[in-house]
Q: 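I have a structure here, written as structure tokens, and I will follow up with some questions on it.
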2 protein chains.
Amino acid sequence: MGTTELDQQPEPKYRHLKAVLSRALDTEFSVGQALPNERELAARFGVARATLRQALDQLELEGRLQRRRGVGTTVAPPRVGVDVSPRQHTWPGAPGDTWVAGDSVTTAPPPAVARALDVPADEPVEVVHRTLVAHGQPVAAEQLYIASAALPAGGGPRPAPGAERARAILARLQRLEAGGQDRAVELGSAGSEDARRLDRLPGSPVLIVTTRYAAAGRTVAVGVSTYRADTCRLTFGNQAPLSLSAS
Amino acid sequence: MGTTELDQQPEPKYRHLKAVLSRALDTEFSVGQALPNERELAARFGVARATLRQALDQLELEGRLQRRRGVGTTVAPPRVGVDVSPRQHTWPGAPGDTWVAGDSVTTAPPPAVARALDVPADEPVEVVHRTLVAHGQPVAAEQLYIASAALPAGGGPRPAPGAERARAILARLQRLEAGGQDRAVELGSAGSEDARRLDRLPGSPVLIVTTRYAAAGRTVAVGVSTYRADTCRLTFGNQAPLSLSAS
DNA sequence: CAGTGGTCTAGACCACACC
DNA sequence: GTGTGGTCTAGACCACTGA
């Protein structure tokens with residue numbers, strides 16, 4: 001086995017192309033370096049541009065390439081390890097949390113979130129938008145849904161919707177006794193809103209992390225975090241393990 | 001906000017198409033039901049087949065559709081929740097582990113794995129192949145790399161490579177005192193070998209879980225598990241949280 | 001065999017970044 | 001402006017499944 005590759009049926013062109021490009025990226029290019037443009041590459045390999053793009057699409061999915069409309073294609077740096085460990089006894093916004101609160105509104109959550117929070121489907125809840133930045137690039141966008149009823153009363157007057165109010169809500173959350181979390185990770189594609197915040201096109205592949213926060217045996221908050229799948233590796237545990245790619 | 005969508009620039013056709021199809025899937029189709037074929041759908045919406053396929057590609061990425069060559073396109077069931085929680089004090093193959101050992105060989109690991117195991121790049125290590133099945137479908141394929149030196153000596157004679165030997169190696173592993181794990185999750189595309197084992201085409205999106213197993217302060221094993229991204233939701237924690245999609 | 005999704009072509013125009 | 005990647009078309013043929 002290994003790369004013995006003695007296929008009976010011929011390998012599709014784009015797959016062969018991908019293998020060739022992949023090897024070239026390892027040996028002849030360095031991180032950040034620009035590739036020739038797609039028309040040039042397609043001509044060089046004697047294939048239609050659509051076929052070349054099929055190969056590039058997969059390399060981008062694997063985090064090997066970075067493409068930007070109007071700019072070009074460059075060799076991507078290794079993925080950033082982002083810690084997603086459960087810290088069982090802290091709330092979002094606790095000291096050490098590196099997310100940046102961006103905005104806050106109260107609105108009716110998506111049905112699945114309403115179910116998890118055990119509130120009626122049309123009941124408005126607190127929503128806090130946050131962003132995570134690593135190496136100067138946005139890597140994740142999050143919506144935190146918090147059942148209004150579970151939130152301890154605020155101290156002063158209620159700020160108007162906005163970043164200040166977002167921080168106020170997180171501050172109130174800290175006063176609750178944390179009761180555990182659980183998480184799930186799945187693949188999705190960025191909606192237009194998340195795409196904008198992540199500086200990607202809509203439909204880009206993202207890793208969606210769903211976190212349930214409990215207190216007093218009840219789910220009081222749900223976080224839906226959307227990570228750029230091309231640039232992120234989600235880590236669980238003390239250290240950052242090795243980075244690997246498929247093939 | 002929400003679906004207010006008052007874009008200045010017109011939405012691409014495939015994106016509008018995706019939204020229309022997505023709504024239709026929710027309201028007019030049930031799980032397992034077959035969609036009209038691609039030529040028919042393209043004609044019905046008045047677009048080229050390639051454009052329709054762009055929309056179907058994303059819906060498949062989000063786990064809403066299942067396409068099989070020669071058969072057709074059907075509405076996919078909700079994703080299966082697969083537990084990937086760190087059980088800090090057990091080895092792979094411990095009682096309760098539902099993976100099925102398939103084969104075992106000794107060979108030189110990929111460079112990244114060799115580094116993690118702290119063995120020379122060309123040093124052969126034990127490799128155990130395993131498969132995880134849920135609801136009758138294979139959902140993950142795994143390679144477990146185990147440093148030969150760290151493994152306690154076996155009892156009887158060494159079996160020839162194969163499933164029996166795989167089980168024997170895992171049994172020897174249980175005698176070590178477990179020293180912790182850490183994990184990472186990232187997006188990849190299935191290599192031809194994994195694709196075959198997962199009953200998918202090469203290049204299909206997969207979630208790659210990398211696990212480092214430690215004992216006595218040293219990394220003794222590395223697991224690389226490849227989960228079907230279309231059918232799996234990876235869960236961390238006691239319960240299975242809600243399932244969500246992007247947008 | 002007929003019907004399905006997968007691959008591929010050779011064009012075209014559009015949206016965007018940068019000069 | 002020019003040059004890039006993103007979208008789109010209207011075909012064609014291939015690989016596969018199942019009757």
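Hydrogens, waters and symmetry mates play no part in the numbers below; they use all other heavy atoms, side chains included. Letters A, B, ... are given to chains in the order of the sequence lines, protein chains preceding strands, and every chain is numbered from 1.
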Q: Do other residues, nucleotides or ligands put more than 12 heavy atoms under 6.0 Å from the CZ atom of B:Arg49?
A: yes
Q: Looking at A:Asn37, does any N or O in its side chain come under 4.0 Å of the phosphate oxygens OP1/OP2 on D:dG3?
A: no
Q: Indicate yes or no for a side-chain donor-acceptor contact from B:Arg79 to the backbone of B:Asp230 under 3.5 Å, with no hydrogens or angles considered.
A: yes
Q: Rounded to whole angstrom units, what separation is found between the OH atom of B:Tyr14 and the P atom of C:dA15?
A: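 Result: 14 Å.
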Q: Rounded off to whole Å, could you give me the NE2-to-C1' distance for the A:His16 and C:dT7 pair?
A: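 Rounded to the whole Å, the gap is 16 Å.
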Q: OP1, OP2 of D:dT4 versus side-chain N and O of A:Arg67: anything below 4.0 Å?
A: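 Indeed not, no polar side-chain atom of A:Arg67 lies that close.
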Q: Angle between ring planes, A:Trp99 versus A:Tyr227, binned at 30° and 60°: parallel, tilted or perpendicular?
A: perpendicular
Q: Among C:dT7, D:dC13, D:dT4, find the nucleotide with the atom closest to the side chain of A:Pro12.
A: C:dT7
Q: Scan residues 44-53 of chain A against DNA chain C and write down, sorted by residue number, each residue with any heavy atom closer than 4.0 Å; if none is found, say none.
A: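 The answer is A:Val47, A:Ala48, A:Arg49, A:Ala50, A:Thr51.
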Q: Which value, rounded to the nearest 0.5 Å, describes the distance between A:Leu207 atom CG and A:Arg228 atom CZ?
A: 12.0 Å
Q: To the nearest Å, give me how far apart CG (B:Leu65) and P (C:dT4) are.
A: 16 Å
Q: A:Glu38 has an atom CD; how far is it from atom C1' of C:dA12, in whole Å?
A: 15 Å
Q: Would you mind reading off the distance between B:Leu35 atom CG and C:dG3 atom P, rounded to a whole angstrom?
A: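 Going from B:Leu35 (CG) to C:dG3 (P), I get 19 Å.
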Q: Is B:Thr73 near enough to C:dT4 that one of its side-chain N or O atoms lies under 4.0 angstrom from OP1 or OP2?
A: no
Q: Could you state the atom-to-atom distance from CD of B:Glu11 to C1' of C:dA15 in whole Å?
A: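 In whole Å, C:dA15 C1' lies 15 Å from B:Glu11 CD.
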Q: For A:Arg69 and A:Leu201, indicate whether the former's side chain and the latter's backbone hold a donor-acceptor pair under 3.5 Å.
A: no
Q: Provide, to the nearest angstrom, the distance between the CD atom belonging to A:Gln66 and the P atom belonging to D:dG5.
A: 13 Å
Q: Has the side chain of B:Arg183 got a donor or acceptor atom that lies under 3.5 Å from a matching backbone atom of B:Val84?
A: yes
Q: Name the closest nucleotide to the B:Val71 side chain, picking from D:dC13, D:dT17, C:dT9.
A: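 The nucleotide sitting nearest to the side chain is D:dT17.
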Q: Under the 3.5 Å rule, do the base of C:dG5 and the side chain of B:Arg39 count as making a donor-acceptor pair?
A: yes
Q: Is there a donor-acceptor pair closer than 3.5 Å between any side-chain N or O of A:Ser204 and the backbone N or O of A:Arg200?
A: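 The answer is no, because no donor-acceptor pair under 3.5 Å joins these two groups.
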Q: Given atom CG of A:Asp57 and atom C1' of D:dT7, what is their separation to the nearest angstrom?
A: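 These atoms are roughly 12 Å apart.
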Q: Quick one: pull up CD in B:Gln54 and CG in B:Leu59 and give me the separation to the nearest 0.5 Å.
A: 12.0 Å
Q: With sugar-phosphate meaning primed atoms plus P, OP1 and OP2, does B:Arg68 contact a base, only sugar-phosphate, or nothing at under 4.0 Å between heavy atoms?
A: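 Counting heavy atoms under 4.0 Å across all strands, the contact made by B:Arg68 is with sugar-phosphate only.
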Q: Of the candidate nucleotides C:dT9, C:dG6, D:dG5, which contains the atom at the shortest distance from the side chain of A:Lys13?
A: C:dT9
Q: Please give the angle, rounded to 10 degrees, between the axes at the start and the end of the helix from C:dC1-D:dG18 to C:dC18-D:dG1, where five pairs define each axis.
A: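 Inter-axis angle at the ends, rounded: 20°.
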Q: Is any side-chain heavy atom of A:Thr106 closer than 4.5 Å to one of A:Val127?
A: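 They are not in side-chain contact.
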Q: Taking atom types as modelled and ignoring hydrogens, do the side chains of B:Arg64 and B:Ser22 form a donor-acceptor contact shorter than 3.5 angstrom?
A: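 Yes.
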